[in-house]
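To start, the structure itself, in structure tokens.
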Number of protein chains: 2
Amino acid sequence: MQEPRKPQATLELVAERAGVSRATVSRVVNGSDRVKADARKAVEQAIRELNYVPNRAARSLAQGRTNSIALVVPENTAKFFADPYFAKVVQGAAQYVAGTEFMLTLLLSTESDPAKTTRYLQGGNVDGALVLSHHAADRSYADLGSLLPLVYGGRTMSTNQNEIYVVDIDNIAAARQATEVIIAQGRTRLAMIAGPQDMGAGLDRLTGFQQAVHNAGLEPAVIRIGDFTPASGHRIMQQLIESKADFDGLFAASAQMGFGALQALAEAGFKVPADVSVTAVDDDSFARSSTPPLTTIAQFPERQGEIMAELLIKRIQGEQVPEWSIMDTKLVLRDSH
Amino acid sequence: MQEPRKPQATLELVAERAGVSRATVSRVVNGSDRVKADARKAVEQAIRELNYVPNRAARSLAQGRTNSIALVVPENTAKFFADPYFAKVVQGAAQYVAGTEFMLTLLLSTESDPAKTTRYLQGGNVDGALVLSHHAADRSYADLGSLLPLVYGGRTMSTNQNEIYVVDIDNIAAARQATEVIIAQGRTRLAMIAGPQDMGAGLDRLTGFQQAVHNAGLEPAVIRIGDFTPASGHRIMQQLIESKADFDGLFAASAQMGFGALQALAEAGFKVPADVSVTAVDDDSFARSSTPPLTTIAQFPERQGEIMAELLIKRIQGEQVPEWSIMDTKLVLRDSH
DNA sequence: TTGAAAGCGCTAACAT
DNA sequence: ATGTTAGCGCTTTCAA
């Protein structure tokens, strides 16, 4: 038994009922002030009576804009939900957008058909997009930048482009600061579990670590590359322990990797911070729930999402905004250093 | 320095370049077979050269459909990301949708303006919607059902409607089974931490608990209402302990509440399962990471999301589908019972 | 302040 | 197999 679908009221119906032209209805709907009070009242009542809602496709087509933006996450769904960082950024962006006329569409890039995302963005579905955490290999977005306004979360690896809008922390400084905390404990043999070297955050945090180590007149004891996940931190630390690597300090490029490393250290009987002093970047639930709780550099991903959305919408509305927005970070001292 | 935006190629441009009519281009784009091979080839090349992507608003307007569906979560963003259940459902739905021509838009209902969601759905932005976990108070969606195809995750509380499509587990049976596990341990004084009583899952799991208790010739020892979160489970268990409630078994309506309760029990020095036998519904990360790991009834939210998406898309395409899809559950024995 | 009319880019009869 | 044409529902000049 197929239920009859109620026909959706159109602008024309409203116009008829209110005894005015479609143009006037359109003006009322769009808040123009060139409408007499009684005409406006008649229209508003007709709208209420007919439960009229403007058709968005028609509106988009007519005015060449959609009033919606996308948040693109070039990671698969599982990874997206496992990482508290993404959640926070989305929250921040969603909250900002909620206060505007725009809608936020979450675009998780599908493994099966990555081009689908690109087509979607290019197909005029959105007026702009926020792009999170993309790897260097992702050339797709670089080209999109000339088609519609983009704002990146975290610096991109593309160098040969102008007009790239980025909201990020100073990853080099953050890593340096986290490393200095370890050095201040008198540790001299520093290990690092770094992030993917095809991402800005991965590269920069490694650079910061190296700077701090060198500034202190030391050499890194050992550096390994992970993928920001707890599992990779755990695995790498196991390998380090197994190979009898000699270190008394550890800087993990993410709290998630730090969390995994801490587990591996505990399993092997090492005491933190007594045997190894540990710090990391990201002050998320992993940092708070590890044993011991991690000393970290906090970034504020919620705020980042908010700023990204704000910048994008301003760009869409033709305002000038700075290309680089560098957010402050904060050292959070807990028990692992 | 405002970068010039490349003009997006239109169907008309493609037609000119390929030396055919717009209709033919449209046919090629939409995969009609009534096009000669060489015409098709010419069109395809023109499309490639111009990097043409169909404008979705225009297409929607012309054919009266959008090829996208929404996943509506009537919870705020924070709650959404904190609950592994939502994540799984989204994953399942996203995965299914990825294999179709449809796009999935995630609609987190905004605290600031709940009507925004409704307007969006009504404004012809999507061909249908998946609705998750809605409370009885949410009348908004009930009315939408007559405007566009809806598929609910978890049974709705509205009674006076026909044509309600629901994908759910048998919550009564699940709760009964979880309770019977405790009873089989010889426990006779059973407590329950129930879910919100304005949600189907909350109500039904309480009913199942009561059925099992009565079937065993017992009476419930104590029943408290939580909100499915770990914090509520923790708080309620603290109160129970404080008030010296007498029970040797506990059924929690969600693993998250079970997790919190387990913490409170441990803090008060109780041993599980020695002192209290505990089971719950939902086999999520909370169930696996609690101490001891929880014996639970597993539902399969990923599969649920998948089925929901499948049913919705079939309905949109005019197929008949059953109104009720009851998914199987599975008893997962761990160490808490 | 209002209305008439011309599209926005596409699809879908209807012709041919 | 292909082209012609009339819209889809709305906005937006342009006139009045």
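Letters go in sequence order (proteins before strands), and every chain restarts at 1.
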inquiry  = Once you apply a heavy-atom cut-off of 4.0 Å, does A/A39 come out as touching a base, just sugar-phosphate, or nothing?
reply    = sugar-phosphate
query = Base, sugar-phosphate, or nothing for B/R34, non-hydrogen atoms under 4.0 angstrom?
reply = base
Side chain of A/N30 (C-beta onward), nearest among C/dT2, D/dG9, D/dT11 = D/dT11
query = Quick one: the side chain of B/R27 and the base of D/dG3, do they pair up donor-acceptor inside 3.5 Å?
reply = yes
note = Walking DNA chain C from its 5' end, the first of A/R40 and B/T10 to be reached, judged by nearest nucleotide, is A/R40
note = Taken to the nearest whole Å, CG/B/L13 to C1'/C/dC8 is 15 Å
message = Does a side-chain N or O of B/T24 approach OP1 or OP2 of D/dA1 to a distance below 4.0 Å, or not?
response = no
task = Could you tell me whether a side-chain N or O of A/D127 sits under 3.5 Å from a main-chain N or O of A/I316, the two making a donor and an acceptor?
result = no
query = Considering heavy-atom distances to DNA chain D, does B/Q63 or B/A37 have its closest nucleotide positioned more toward the 5' end?
reply = B/A37
ask   = Over how many whole Å does the gap from B/L11 atom CG to C/dG9 atom P extend?
value = 11 Å
inquiry  = Please report the distance, rounded to the nearest Å, between CD in A/E12 and P in D/dG7.
reply    = 12 Å
inquiry  = If I take atom CZ in residue A/R22 and atom P in nucleotide D/dC14, what distance separates them, rounded to the nearest angstrom?
reply    = 19 Å
key: Length of the line joining A/R56:CZ and D/dC8:P, which is rounded to integer Å   = 22 Å
request  = Report which part of the nucleic acid B/V29 touches: base, sugar-phosphate, or nothing (heavy-atom distance under 4.0 Å, all strands).
outcome  = nothing
ask   = Between A/D38 and B/S26, who's closer to the 5' end of DNA chain C by nearest nucleotide?
value = A/D38
query = B/E44 and B/K41: salt bridge (charged side-chain N to carboxylate O under 4.0 Å, His left out), yes or no, with the steps?
reply = CA-CA 5 Å; B/E44 278 165 351; B/K41 262 185 56 184; over 6 Å; no
task = In whole angstrom, give the distance that lies between atom CG of B/L61 and atom P of C/dG7.
result = 17 Å
Length of the CG-P vector between B/D33 and D/dA1, whole Å = 8 Å
ask   = Nearest-Å distance, CZ (B/R65) to P (D/dC8)?
value = 19 Å
key: Donor-acceptor pair, side chain of A/S68 and main chain of A/F102, under 3.5 angstrom   = no
key: Exam field: side chain B/T24 to backbone B/V20, donor-acceptor pair closer than 3.5 Å   = no
query = Would you call the rings of B/F81 and A/F80 parallel, tilted or perpendicular if under 30° counts as parallel and over 60° as perpendicular?
reply = perpendicular
